[in-house]
K.L.:
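Pasting in a structure now, in structure tokens, and then I'll have a few things to ask.
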Amino acid sequence: MKGLILKDLLGVKSTLVALSVMLCIPILMCVLGAILGVSIATMAIVSATATLCLMSMIMAINFGAYDESCGLDSFAPAFPVNRTKIVMARYCTDLLVMLVSSLIIFIVEIICLMSEGMPLAPEYPAVYVIFVLLISAITNPIIYKFGAQIGSYVISGIIALLGLFATAASNTLGDNISDKVIDAVLKTIFNRNTLNLAIISGLVICVIFFLLSMLISIFIYKKKDL
């Protein structure tokens, strides 16, 4: 399984290098803000978290695309591991990327703490972990079933539909709900206890979803003709 994980990481090496350059931007923002005396710590952390979310989503699709381009499925029967472990290795790679990226977010927060005195905010790594677990859980079964190209179309369609739904809901709520009600809802959402409960609940749900997704992917890959 170690070899399969290394194969995934080597397959996205070029993409990882390009996206890592993007990650330097929020870190430089934080350092520059400290030099100029401008408080941009929150923006730097949000930017780092958003960049890593984008990286994780792109890599999740690229893992499957690389396997297809090199015809990995034709060699799979000759591997010294069974199909279950092949699928598990992909999910382990996702978890490894998630772990390293969460550490990067924590490092950015440490830089913000040292440069501007901003307290550590565990909700940013937590939100990132929730995002990665969710994306991995959705992406992998689709790619194993339909392939990377069709899978990327399906995933893009899901994201587009979510965006349209969010826009429609925002417009509807904005027309029918007063500003006082919206302010009260936002205050409730961003209440520390409510936020912590929401994050913990989200983590538990996404972990369960992630494990179910792995079982579904194993079932799909076992039934697949190689």
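Quick caveat, the model's predicted, so the values are computed rather than measured.
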K.L.:
When clusters are formed by joining ILVMFWY residues with side-chain heavy atoms under 4.5 Å apart, either directly or through shared neighbours, do Leu211 and Leu96 land in the same one?
P.N.:
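Yes, same cluster.
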K.L.:
Would you name the heavy atoms of Ile86 and Tyr221 that are closest together and state the gap between them?
P.N.:
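Taking every non-hydrogen atom into account, CG2-CE2, 4.0 Å.
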K.L.:
Under 3.5 Å, side-chain donor or acceptor atoms of residues 200-210 against the rest of the protein: list the pairs with distances, not counting sequence neighbours.
P.N.:
residue : atom : partner : partner atom : Å
Ser201  : OG   : Leu197  : O            : 2.8

K.L.:
Under the side-chain contact (heavy atoms from CB on, under 4.5 Å) test, which residues partner Pro141, sequence neighbours left out?
P.N.:
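Partners of Pro141 under the side-chain contact (heavy atoms from CB on, under 4.5 Å) test: Tyr91, Ser213, Ile216, Ser217, Ile220.
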K.L.:
Could you see if Val127 belongs to whatever hydrophobic cluster contains Ile104? Use Ile, Leu, Val, Met, Phe, Trp, Tyr and a side-chain cutoff under 4.5 Å.
P.N.:
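No, because Val127 and Ile104 fall into different hydrophobic clusters, even though each may have its own neighbours under 4.5 Å.
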K.L.:
Search all heavy atoms of Tyr124 against all heavy atoms of Ile105 and return the closest pair with its distance.
P.N.:
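Smallest heavy-atom distance, with atoms named: CB-CG2, 4.2 Å.
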K.L.:
Roughly how far, to the nearest 0.5 Å, is OG1 of Thr84 from CE of Met214?
P.N.:
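With rounding to 0.5 Å, CE (Met214) is 10.0 Å from OG1 (Thr84).
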K.L.:
Per the side chain to side chain donor-acceptor pair (under 3.5 Å) rule, what does the pair list look like for residues 125-137, sequence neighbours excluded?
P.N.:
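Those involving residues 125-137 are Ser56-Tyr128, Asp94-Ser136, Ser101-Tyr128, Ser136-Asn140.
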K.L.:
How long is the span from the CE atom in Met98 to the CD1 atom in Ile135, to the nearest 0.5 Å?
P.N.:
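Here the rounded value is 13.5 Å.
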K.L.:
Met88, Phe219: one ILVMFWY side-chain cluster at the under-4.5 Å cut-off?
P.N.:
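No, Met88 and Phe219 fall in different hydrophobic clusters.
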K.L.:
Answer yes or no: is there a side-chain heavy-atom contact under 4.5 Å between Ile218 and Lys222?
P.N.:
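With C-beta onward as the side chain, the pair touches.
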K.L.:
Would Ile143 and Val132 show up in the same hydrophobic cluster when neighbours are defined by side-chain heavy atoms closer than 4.5 Å?
P.N.:
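Different hydrophobic clusters.
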